[in-house]
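A short worksheet on the structure shown next.
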Amino acid sequence: MAAASERSPNSRQPRRVPPGRPPRDGYGVYIYPNSFFRYEGEWKGGKKHGHGCLVDQDGQVYRGAFHSNKRHGRGQMVFLNGDKYDGDWVRDQRQGHGVLCQADGSTYEGQWHSDVFSGLGSMAHCSGVVYRGMWINGHPAAQATRIVILGPEVMDVAQGSSFSVKVQLQQDDGEVAKSEDGRVLKISAGVRYVQLQAYSEVSFFKVDEDDREMPIQTPFGFDCITYPLSSPKSGGLEPRAALESSRANSPLHEGDLEPALASDALCGQEDPPGGLPGGGCKPCCPEDCQRVERGCAQFMDVRLGPPPPGYHPVLFLGGVHKKAGNSPRSCLGPMRTAPTTQDPPGGSRPDGAAVAELAAAAFPGEYVIMVRDVTTPPFLGRVLPTAFKHLRVSAEGAWPRPHIPGEGPGTPS
């Protein structure tokens, strides 16, 4: 009979895990061969099950719940690009509720499905845009797709007057994108760019070589060139000072205009005294950028400035296009025929203050207001298309607009 202290060869021995195999149950550490994955945590039946920490070959780290080798339950993950997620997981995908803090500073909190934003959620984008609402397959369900400038098809304003521009962000169906705040919109202006058929080199503004730029296409059937906005609070010269500063400049067409009206201060050929740009009013944009609130924005106290340096107004003299012998250089201004000292408009000559106000304002004519999406960086990588509004500047008792060959009735034969 064998001694009691001797072990039977059939007695149960502790199992030793062969090298290269993961733990069977309990807590353990395992490094997967050929992949450099490292897992430390709980095991069940040879699978990751329970709480643990997984580091992949790229250095991405997941800490949280596992079920049958998959991330399942509550967990946090730090991604290779610096993004951090804290929330629910289902079979290795983010699903349920979770918070994603992106490396660029953007944050999303809300519902997930199949690893993308899906359901109710809010995003605070690094650009300052905030979207609150439904998400479908990673995209906002009520996202703005266009900018719309409200008002009539053609806005009419008096020369030298300020005006307001109301803007909406709209969805494809025309509904206001009220779920969106913070997108940055910038307002700018352009003046109609016209090349007359009789004199192809003539436009309403003759632009110096160094200041030339490509015309901007508009949806109104004509192109425009950029034109400055100005603010009455910009610190520019008052109308009387503009008149006085203009007297030292020579007229562009002798005998056709008052010196102040035809001076370089108006035409932008030279800077007037004091170092201000031509026109006596320093061009600047009056709060030219606005952030959207609930899909809406408004620009207040918008005003067209005088022609900038390098822009020389072309004033059309009576009958300039009726005679082939007329010189194109006698044309000096958009949308108006210049009065003469012998034949002033209305039978009387304007006083100095009125003339100076005209010198510090845009000519009557056709302009364009543009509102652009300048959100930086673009919200979800998309920039909204620029919105346009046709603007017509006129004055009481304004001189008649010259006829442009090829436009409407009365085309000279």
Side-chain angles (χ1 to χ4, degrees), residues 128 147-169 176 181-192 205 216 218 224-243 245 265-266 268 272 274 276-309 311 313 334-335 353-375 384 386-396 398:
I147 306 169
V148 176
I149 303 176
L150 303 181
E153 184 176 347
V154 179
M155 292 176 58
D156 286 293
V157 299
Q159 184 183 15
S161 298
S162 61
F163 53 94
S164 298
V165 177
K166 295 182 179 180
V167 179
Q168 285 183 351
L169 301 187
V176 180
D181 294 325
R183 195 183 291 266
V184 181
L185 304 180
K186 183 174 183 177
I187 190 170
S188 60
V191 62
R192 180 172 182 173
F205 280 96
I216 302 168
T218 75
C224 69
I225 53 177
T226 57
Y227 193 88
L229 297 174
S230 68
S231 171
K233 300 177 182 179
S234 63
L237 296 177
E238 294 294 327
R240 177 66 63 180
L243 175 63
S245 69
L266 175 63
L276 292 177
C281 181
K282 184 177 181 180
C284 71
C285 293
E287 298 183 356
D288 61 342
C289 289
Q290 294 286 338
R291 283 197 179 270
V292 171
E293 294 184 9
R294 291 184 57 80
C296 299
Q298 183 170 357
F299 297 90
M300 304 292 293
D301 198 26
V302 181
R303 188 188 301 261
L304 294 172
Y311 280 45
M335 305 304 195
V355 171
E357 289 177 1
L358 293 178
F363 280 106
E366 292 184 84
Y367 296 81
V368 176
I369 294 297
M370 295 168 281
V371 176
R372 295 182 294 129
D373 178 8
V374 294
T375 308
L384 299 182
T386 299
F388 296 84
K389 177 64 70 174
H390 193 172
L391 180 70
R392 185 165 51 208
V393 177
S394 58
E396 293 290 337

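Numbering of residues begins at 1 and proceeds along the displayed sequence.
- Val176 has its side chain out of reach of Leu169: every pair of non-hydrogen atoms, C-beta onward, lies at least 4.5 Å apart.
- Atom-to-atom distance recorded for Ser162:OG and Phe299:CZ is 15.0 Å, nearest 0.5 angstrom.
- Closest of all the heavy-atom pairs between Met370 and Gly190 is CE-N, 3.7 Å.
- Residues passing the side chain to side chain contact (heavy atoms under 4.5 Å, CB included) test with Arg291 are Val184, sequence neighbours excluded.
- A pairwise comparison of heavy atoms in Pro364 and Ser394 identifies CB-CA, 4.1 Å as the closest pair.
- Every side chain to side chain contact (heavy atoms under 4.5 Å, CB included) that Thr218 has, sequence neighbours left out, goes to Phe220, Phe222, Cys224, Val368, Phe388.
- When all heavy atoms are compared, the tightest approach of Ala387 to Val148 is CB-N, 4.5 Å.
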Can you give me every donor-acceptor pair (side chain of residues 149-156, partner residue at least two apart or in another chain, under 3.5 Å) with its distance?
unit_1 : atom_1 : unit_2 : atom_2 : d
Asp156 : OD1    : Arg392 : NE     : 2.6
Asp156 : OD1    : Arg392 : NH2    : 3.1
Asp156 : OD2    : Arg392 : NH2    : 3.0

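- Asp288 places no side-chain N or O within donor-acceptor distance of the main-chain N or O of Ile187, the cut-off being under 3.5 Å.
- Separation of atoms CD1 (Ile369) and CZ (Phe163) is listed at 4.0 Å; rounding is to 0.5 Å.
- Taking 4.5 Å as the limit, some side-chain heavy atom of Pro307 sits within range of a side-chain heavy atom of Tyr227.
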| Pair Ile225-Ile216, side chain to side chain contact (heavy atoms under 4.5 Å, CB included): steps then yes or no | CA-CA 6 Å; Ile225 53 177; Ile216 302 168; over 6 Å; no
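- In this structure, Gln159 CD and Leu304 CG are separated by 10.0 Å, a value rounded to the nearest 0.5 Å.
- Side-chain contact check for Val393 versus Phe363: every heavy-atom pair is 4.5 Å or farther apart.
- Inter-residue side-chain proximity for Val191 and Glu366 is flagged as unmet; no heavy-atom pair is nearer than 4.5 Å.
- Residues satisfying the side chain to side chain contact (heavy atoms under 4.5 Å, CB included) test with Ser164, not counting sequence neighbours, are Gln298, Met300.
- Remark: Asp373 engages Arg183, Thr375 in a side-chain hydrogen bond (donor to acceptor under 3.5 Å, both in side chains) (not counting sequence neighbours).
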